[in-house]
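Below is one structure; the comments refer to it alone.
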Amino acid sequence: MPKSQYHIYVIELSKRVFTEHRRFREANPQFNGVLECLYVGMTSKTPKERFEQHKSGYINKKGFNLSSKIVKTYGSYLRPSLYNHIKPLNTRAEALKMEKALALELRRKRYAVWFN
């Protein structure tokens, strides 16, 4: 059985998330309203499949909701230009570390970013 590879992805969110979601606003005090609001995630699926899971409110076989409420409500589309430079990763731990690193890098560039 081939090992899973993990992909990092970025979804653009509606700017309404900043005004309507208190925790999102508190997590992004650097945001000045000029750039976009983003969600950064990692997945063993393709980014497109994962985006569709978020938007559809996907529930897995064990009954867990795997979609982010923020993406389901505010997600607009994938932003491949912000993640295509990142090669697939071999372990979940590497992917989680890269997800956080990319999210923090985008925040430093003054995007408003949500990640888990």
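Just so you know, residue 1 is the first one in the sequence shown, and it goes up from there.
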State, yes or no, whether a side-chain contact exists between [X] and [Y] at a heavy-atom distance under 4.5 Å.
X: Y39; Y: V17; value: no
X: N90; Y: Q5; value: yes
X: V34; Y: R110; value: no

Q: Take Q30 and R107 through the test side-chain contact (heavy atoms from CB on, under 4.5 Å) and record every step on the way to the result.
A: CA-CA 7 Å; Q30 82 295 346; R107 273 193 185 154; 3.6 Å; yes
Minimum heavy-atom distance between [X] and [Y], given as atom pair plus value:
X: T43; Y: R50; answer: OG1-CD, 3.5 Å
X: C37; Y: S14; answer: CB-O, 4.3 Å
X: Y6; Y: A95; answer: CB-CB, 3.5 Å
X: R25; Y: T19; answer: NH1-O, 2.8 Å
X: S76; Y: L13; answer: OG-C, 4.1 Å
X: L82; Y: H85; answer: O-CE1, 3.3 Å

Q.
Go through it in stages, so that I can follow the logic: the residues are M42 and N116, the test is side-chain contact (heavy atoms from CB on, under 4.5 Å), and I'd like the CA-CA distance, side-chain angles, deciding distance and then a yes or no.
A. CA-CA 9 Å; M42 68 95 189; N116 296 327; over 6 Å; no
Q. Heavy-atom count around R92 CZ within 6.0 Å, excluding the residue itself: above 12?
A. no
Q: For side-chain contact (heavy atoms from CB on, under 4.5 Å), just list the numbers for E20 and Y74, CA-CA rounded to whole Å, side-chain angles, deciding distance to a tenth of an Å, and then say yes or no.
A: CA-CA 10 Å; E20 295 176 6; Y74 301 103; 2.8 Å; yes
Hey, could you give me the [atom1]/[atom2] distance between [X] and [Y], rounded to the nearest 0.5 Å?
X: E99; Y: L104; atom1: CD; atom2: CG; result: 10.0 Å
X: S67; Y: Q53; atom1: OG; atom2: CD; result: 9.0 Å
X: E36; Y: R79; atom1: CD; atom2: CZ; result: 4.5 Å
X: F115; Y: L102; atom1: CZ; atom2: CG; result: 10.0 Å
X: N84; Y: I8; atom1: CG; atom2: CD1; result: 12.5 Å
X: K69; Y: H21; atom1: NZ; atom2: NE2; result: 8.0 Å

Q.
In terms of relative ring orientation, are F31 and F18 parallel, tilted or perpendicular, with 30° and 60° separating the classes?
A.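 Aromatic pair F31/F18 classed tilted.
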Q: Measure up the H54 and Y9 rings against each other and bin them: parallel (under 30°), tilted (30 to 60°), perpendicular (over 60°).
A: tilted
Q.
Taking I70 as the starting point, is it possible to reach L35 by hopping between hydrophobic residues whose side chains are less than 4.5 Å apart?
A. yes
**Q.** ILVMFWY cluster, I59 and V71 together (side-chain gap under 4.5 Å)
**A.**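 Cluster IDs for I59 and V71 differ.
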Q: Mark yes or no for whether K55, through its side chain, and K72, through its backbone, hold a donor-acceptor pair below 3.5 Å.
A: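 The answer is yes, because a donor-acceptor pair under 3.5 Å joins these two groups.
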Q: Evaluate the side-chain contact (heavy atoms from CB on, under 4.5 Å) criterion for residues L78 and Y83: first the C-alpha distance (whole Å), next the side-chain angles of each, then the deciding distance (0.1 Å), finally the verdict.
A: CA-CA 10 Å; L78 288 166; Y83 64 83; 3.9 Å; yes
(Q) If the condition is salt bridge (Lys or Arg N to Asp or Glu O under 4.0 Å), which residues does E105 pass it with, not counting sequence neighbours? (A) K109
